[in-house]
Each structure stands twice: as C-alpha cells, then as structure tokens.
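Whatever order the structure lists ligands and atoms in, that order sets their numbers, starting from 1. Numbers here simply count residues along the sequence, with the first being 1.
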Amino acid sequence: MPRCDQTPEWRQLQAHCRDQGRTLDLREAFAHDAGRFGHFSQQAPEVFADLSKNLWSRETEALLLQLAAGCDVEGQRDAMLRGDPINTTEQRAVLHTLLRRPAGLALPGDRPEVVGLLAQVHGTLEAMLAYAEQLRADSRITDVVNIGIGGSDLGPAMAVRALAAYRIAGKRLHFVSNVDGHELDAVLQGVQPQSTVFLIASKTFTTTETMANAHSALAWFAAQGARDVGRHFIGLTTNTQAAAALGITTCFGFWDWVGGRYSLWSAIGLALAIAVGAEHFRAFLAGAHAMDEHFRTAPVASNLPLRLGLLDVWYRNFLGFTSRCIAPYHAALARLPAYLQQLEMESNGKRVDQSGAPVAGGTAPVLWGEPGTNGQHAFFQMLHQGTDVIPLEIIAVRQAAHTLPGHQDQLLANALAQAQALMLGREHGDGHRDFPGNRPSTFLLLDALTPRALGALLALQEHRVFVSGSLWGINSFDQWGVELGKVLALDLAARLASGTTAGLDGSTAGLLRRLRTPA
Ligand code: F6P
C-alpha cells in the first residue's frame with residue numbers, strides 16, 4: 001500500500017494548500033456558497049455532523065477523497081472488517097467490530113474463522129449479560145468496584161457516567177485505576193466485603209497497576225474475615241489462567257484481536273452492563289454496529305468517519321495544526337476527552353510506518369478538552385485569541401435527561417455561540433478586544449444521550465482514527481511506546497527499596513536519593 005505522503009494525490013494537495021488552502025476565509029466561503037452548510041453537513045446513524053465551519057473547500061475535500069482512493073482506504077477498511085491480521089507487529093486481526101455484530105450476520109469477504117469467532121462473541125456476551133442481570137437483581141450487592149487501567153478503565157468509567165440516566169438505583173459503581181494507593185484506599189473505606197463485587201479488568205492480567213490493586217483488594221477482603229473470593233471477585237480477561245491463580249474462578253473472556261482501547265464492547269464492558277442492564281447494553285452495541293455499517297457501506301462522499309479522518313489529515317499535515325480540543329456539551333460526557341485521548345493518541349501516536357521507516361510528517365494530534373461550558377471559562381480564551389489555531393470539536397445533545405427549565409437552551413446556545421465566535425471573530429481595533437475569527441470547529445449533534453447514540457458516537461471516533469492511521473501508513477493497533485517506562489519502573493521500584501543508584505543518570509539518581517530521605 002503506498003504511503004499517502006508518497007502519492008501524486010498528496011502532492012496535488014500540497015499545491016492546493018499553497019494556492020488556496022491557507023487563505024480560505026470561512027466568512028467569505030459562506031457568503032459565496034449558499035449550499036456550504038448543506039454540502040458539509042450530514043446525518044449518519046445517531047450522529048448529525050456539521051463540518052462546514054472547517055477550513056476546507058469543496059475542492060479540498062474532493063482532493064482528499066482522491067487521496068483516500070489512491071491509498072485504498074476502503075480496501076484497508078475491508079481488510080480490517082473481514083479479519084485480516086492488520087496489526088502486523090503483533091500478527092493479530094483487529095476485530096472489535098465483531099463484538100457488536102449481530103449473531104449469525106455474515107459480511108461479504110469474511111475470513112472463514114470469523115463465523116466461529118462471532119459465535120464465541122455471542123456466547124460470552126450472553127453469559128456476561130446474564131451475570132449482569134443476576135447481579136442487578138441481587139439486593140445483597142450494593143457496590144461494584146472495577147479495577148483496571150487504560151482501556152480496561154477509561155471505557156467503562158466514561159460510559160457508566162455518560163449513561164447515568166439509565167443507571168440502576170441501589171448500586172454504586174467505583175473505578176480504581178491508578179497504582180496510587182489513595183484511589184483504592186478511598187473506595188475500600190466506603191464498602192463492605194459482603195456487599196461488594198470486584199471486577200478485575202485486564203486483558204493481559206499482567207498490568208502492574210491492576211495486579212497491585214487486585215492483590216491489595218484481595219488482602220483487604222481476607223483481612224475483613226471474608227472468604228468467598230469466587231463470588232466477590234470476577235475476572236475480565238483473555239488470561240483466565242492468571243486470574244485462576246488468584247482464586248478468581250468466574251471469568252468473562254475476550255480475545256487477542258480486541259485491542260485494550262477497543263475493548264469496551266467486550267467483557268470489559270461488564271461494569272456498564274451492570275449499570276444499565278442487558279437491554280441497554282445491547283442497544284449500545286447496536287448503535288456501534290449501525291455506525292460500522294455506515295462506515296462499511298456509505299458512499300465515500302457521505303461517509304462520516306472517512307470525512308472526519310480526511311479532515312484530520314488535512315489539518316495535521318497540510319495546515320500544520322498539532323492539537324484538537326474536544327468539548328462535550330453534556331456533563332455526563334465529562335470523561336469522553338480522556339477516553340478519546342487513549343483512542344487516538346495510543347493508536348496513532350506513532351513515528352514509523354508499517355515497515356518501520358520514519359513517517360515524513362506529523363501523526364496523531366494532541367487531544368484534550370473539558371465539558372462546555374466549563375472550558376469556556378478556563379482555556380477557550382486561547383482558542384479565540386491565542387497564537388495557535390486549534391480546531392474545536394463540539395459534541396452536543398439536543399434533549400436533556402433532566403427537566404430543569406432553561407438550562408438546556410442556555411447550554412446549546414453556548415455551544416452554538418462558541419462555534420460562531422470562533423468563525424466570525426470581531427474587530428474592535430485595540431488588539432486586546434480583537435478576535436481574528438476564521439477559527440475552525442466541527443459540531444457533532446446527538447438527539448439524546450441514549451445507549452444507542454453513545455455506541456454510534458464511539459464507533460464513529462474509532463473509525464475516523466482508523467482512517468487517519470491508514471493514510472499515514474502506521475499500525476494503529478499496537479502500543480510499543482508504553483513498554484519502556486514499564487520496564488524502567490520495575491527496575492526503579494527495586495532501587496527505591498534497596499537504595500542502589502549504580503548506573504543511573506545523575507538526575508534519576510539524585511531524585512531517588514531524595515525520595516529515600518525521610519521527610
Ligand atoms: O499500557 C498500555 C495498555 O496496554 C493499554 O493499551 C491497555 O488498555 C492498558 O495498558 C491496560 O492493559 P490490560 O487490560 O492488559 O491491563
């Protein structure tokens with residue numbers, strides 16, 4: 001597959017960028033093109049998207065679509081969906097879409113093993129949902145503690161919060177991820193062993209933070225005189241042997257072709273299933289599947305994940321923008337920026353292509369953000385008047401889940417106003433009060449924050465990350481960059497205990513000595 005920066009289409013885009021891309025003025029673009037909103041907005045499953053306030057023209061988009069064709073993004077997509085081992089550094093397929101595919105549904109081109117895998121997926125799903133329902137009905141259990149980190153925490157923690165309106169009463173859900181004992185300690189202080197279930201969520205069951213927290217929770221459980229580990233500790237893992245070694249006999253498994261950051265749809269979603277119940281969990285999967293089907297079948301010009309991924313590449317590699325700000329205008333989506341950070345930055349934060357050769361330009365942008373309107377009173381100043389252009393992605397929800405009068409209109413008015421202010425700017429003449437305007441934003445709109453809509457929104461984000469990763473020619477599905485720190489932390493933990501500094505650099509040795517000095 002040609003890397004996109006080595007294609008004639010890339011060079012055409014460079015020329016287009018030099019000629020007009022950098023000078024596009026959104027205010028003029030709207031003045032000259034009455035159909036701009038119509039052209040650049042669309043309804044995808046559960047998500048309406050307005051891409052018209054972005055710094056691109058119809059010509060830019062047409063050239064980007066040619067780039068996608070030149071790099072066979074559709075072919076790469078199909079290879080993922082049919083189960084080819086596209087995660088080449090780990091020799092694995094990338095089949096998280098199978099986790100939300102309806103039972104028995106065959107897609108054109110499926111590899112032969114997919115039929116069996118889909119049956120396994122549904123077998124585990126049924127068992128996990130039956131367990132979730134049983135636990136929901138068990139009034140003796142009042143607290144559920146999910147212990148996991150990265151994809152084994154961010155997904156369930158974000159989604160449980162996002163779907164708070166659907167949550168069962170009488171069960172508290174807690175999330176412990178950090179090896180910092182303050183986190184687990186705070187949870188343990190508030191729960192009783194007889195009424196608590198711990199979900200030990202770890203794909204590998206080797207992640208040091210999760211193992212440390214699991215061991216401490218088990219030790220606390222025993223210290224309280226409790227015995228029934230089998231009933232109170234559940235493993236969510238591909239490594240059931242390691243779980244069994246801890247006395248964890250009930251496990252819901254998944255597979256090595258599910259990446260950690262793509263695992264919310266698997267057994268890792270158990271905390272969500274407990275919170276919202278089987279029916280809503282199925283709707284969550286169905287929403288994601290609807291977006292998968294859109295990505296698979298929609299024509300390129302109205303394929304939303306494709307359009308977003310192309311826009312991301314345009315911004316990163318042609319206009320040189322290095323970050324994207326995510327502003328969910330819904331308090332329940334407060335953890336969405338953190339979830340998207342892992343999704344995009346762990347997937348596409350790569351500096352070499354599939355062959356191991358350095359990529360020529362930038363890859364993943366920095367993702368960051370906070371819910372609106374809070375962010376407006378913190379860092380939006382920089383979006384409006386700072387020296388860098390930072391595309392803003394607004395995620396708004398039309399209907400509120402509360403009935404407090406007036407709030408929702410104010411919230412939505414603010415979302416609209418920010419996008420408008422960024423684009424229109426304002427001239428005052430004294431510099432300080434001048435807004436340059438012409439600053440880009442994308443507006444994603446859900447009708448309501450339902451399980452189905454959340455599923456579709458997350459699948460949309462997964463696929464747009466896939467599109468940009470495919471164009472960059474990188475492997476979006478490994479994460480070797482997190483390994484070195486893990487290895488060094490093991491060595492330094494031993495040194496913190498022993499005090500040995502031999503062979504360390506001057507700074508690390510100095511800090512280690514300081515850390516060992518009694519306060
Ligand atoms: O260290 C990164 C990572 O491997 C993530 O990709 C993953 O989501 C997280 O750690 C947790 O891994 P596990 O589920 O195996 O504990």
Side-chain angles (χ1 to χ4, degrees), residues 86-87 89-96 99 124 128 145-160 175-180 183-184 198-218 233-246 248 251-272 335-350 363-364 367 458 461-462 465-466 469 474-493:
I86 62 166
N87 176 355
T89 61
E90 297 175 306
Q91 294 305 319
R92 289 176 187 165
V94 174
L95 273 172
H96 46 275
L99 300 168
T124 305
M128 161 193 156
V145 182
N146 188 88
I147 293 181
I149 197 164
S152 299
D153 165 74
L154 287 164
M158 174 275 297
V160 164
F175 291 88
V176 173
S177 53
N178 205 315
V179 75
D180 179 347
E183 220 176 68
L184 179 62
F198 293 88
L199 308 177
I200 312 301
S202 176
K203 177 178 171 181
T204 54
F205 233 77
T206 58
T207 304
T208 52
E209 292 93 330
T210 303
M211 291 304 103
N213 282 322
H215 279 109
S216 295
L218 282 162
F233 284 77
I234 307 296
L236 313 176
T237 185
T238 58
N239 186 357
T240 47
Q241 273 187 341
L246 294 187
I248 300 176
C251 281
F252 298 101
F254 55 112
W255 303 270
D256 69 357
W257 40 263
V258 181
R261 52 194 174 273
Y262 300 89
S263 63
L264 173 58
W265 323 96
S266 72
I268 294 294
L270 181 57
L272 176 64
R335 292 296 285 157
L336 184 64
Y339 174 83
L340 295 180
Q341 276 176 337
Q342 189 197 13
L343 176 62
E344 185 141 355
M345 293 162 75
E346 196 167 72
S347 296
N348 286 350
K350 310 283 164 66
T363 56
L367 254 66
L458 300 183
Q461 298 287 349
E462 287 178 352
V465 168
F466 175 84
I474 59 181
N475 180 356
S476 299
F477 300 101
D478 59 11
Q479 57 283 321
W480 298 108
V482 295
E483 293 305 319
L484 179 59
K486 288 185 191 173
V487 172
L488 296 184
L490 281 179
D491 171 54
L492 287 165

- Task: Please confirm whether K203 comes within less than 3.5 Å of ligand 1 when only nitrogen or oxygen atoms on both sides are compared.
- Result: yes
- Task: Select the closest option to atom 12 (O) of ligand 1 among I147, D153, T207, N239, judged by heavy-atom distance.
- Result: T207
- Query: Between atom CG of L340 and atom CD of Q461, what is the distance when rounded to the nearest 0.5 Å?
  - Reply: 5.0 Å
- Does even one non-hydrogen atom of E483 get within less than 4.0 Å of ligand 1? no
- Note on the structure: Which of Q479, E344, E462, Q342 passes side chain to side chain donor-acceptor pair (under 3.5 Å) with R261? It is Q479
- Message: I'd like to check which ligand 1 atoms, numbered from 1 as shown, lie under 4.0 Å from a non-hydrogen atom of I149.
- Response: 9 (C), 11 (C)
- Query: For atom 15 (O) of ligand 1, which candidate among I200, L154, T204, T206 provides the closest heavy atom?
  - Reply: T204
In a table with atom names and distances, give each donor-acceptor pair under 3.5 Å that connects a side chain of residues 238-246 to protein atoms at least two apart or in another chain.
residue, atom, partner, partner atom, Å
T238, OG1, K203, O, 2.5
N239, OD1, A242, N, 3.2
N239, ND2, T204, O, 2.9

- Message: Using modelled atom types and a 3.5 Å cut-off, is there a donor and acceptor pairing between side-chain atoms of Q341 and backbone atoms of L367?
- Response: yes
- Side chain to side chain, L99 and F254, heavy atoms closer than 4.5 Å: no
- Task: Would you confirm whether any non-hydrogen atom of the protein falls under 4.0 Å from atom 10 (O) of ligand 1?
- Result: no
- Message: So, taking the atom named CZ in F477 and the one named CZ in F466, what distance separates them when rounded to the nearest 0.5 Å?
- Response: 5.5 Å
- Task: Would you mind listing which atoms of ligand 1 come within a distance below 4.0 Å of any non-hydrogen atom of S202?
- Result: 13 (P), 14 (O), 15 (O), 16 (O)
- Task: Indicate yes or no: does an N/O atom of G260 lie under 3.5 Å from an N/O atom of ligand 1?
- Result: no
- Task: Give a yes or no answer on whether the side chain of N146 reaches the backbone of A201 with a donor-acceptor pair at less than 3.5 Å.
- Result: no
- Query: If hydrogens are left out, which of E346, M211, R261 has an atom nearest to atom 6 (O) of ligand 1, that is, the closest non-hydrogen atom?
  - Reply: E346
- Task: Have a look at ligand 1 and work out which part of V482, if any, has a heavy atom under 4.0 Å from it: side chain, backbone, both or neither.
- Result: side chain
- Query: Applying a strict 4.0 Å limit to heavy atoms, is Q342 in contact with ligand 1?
  - Reply: yes
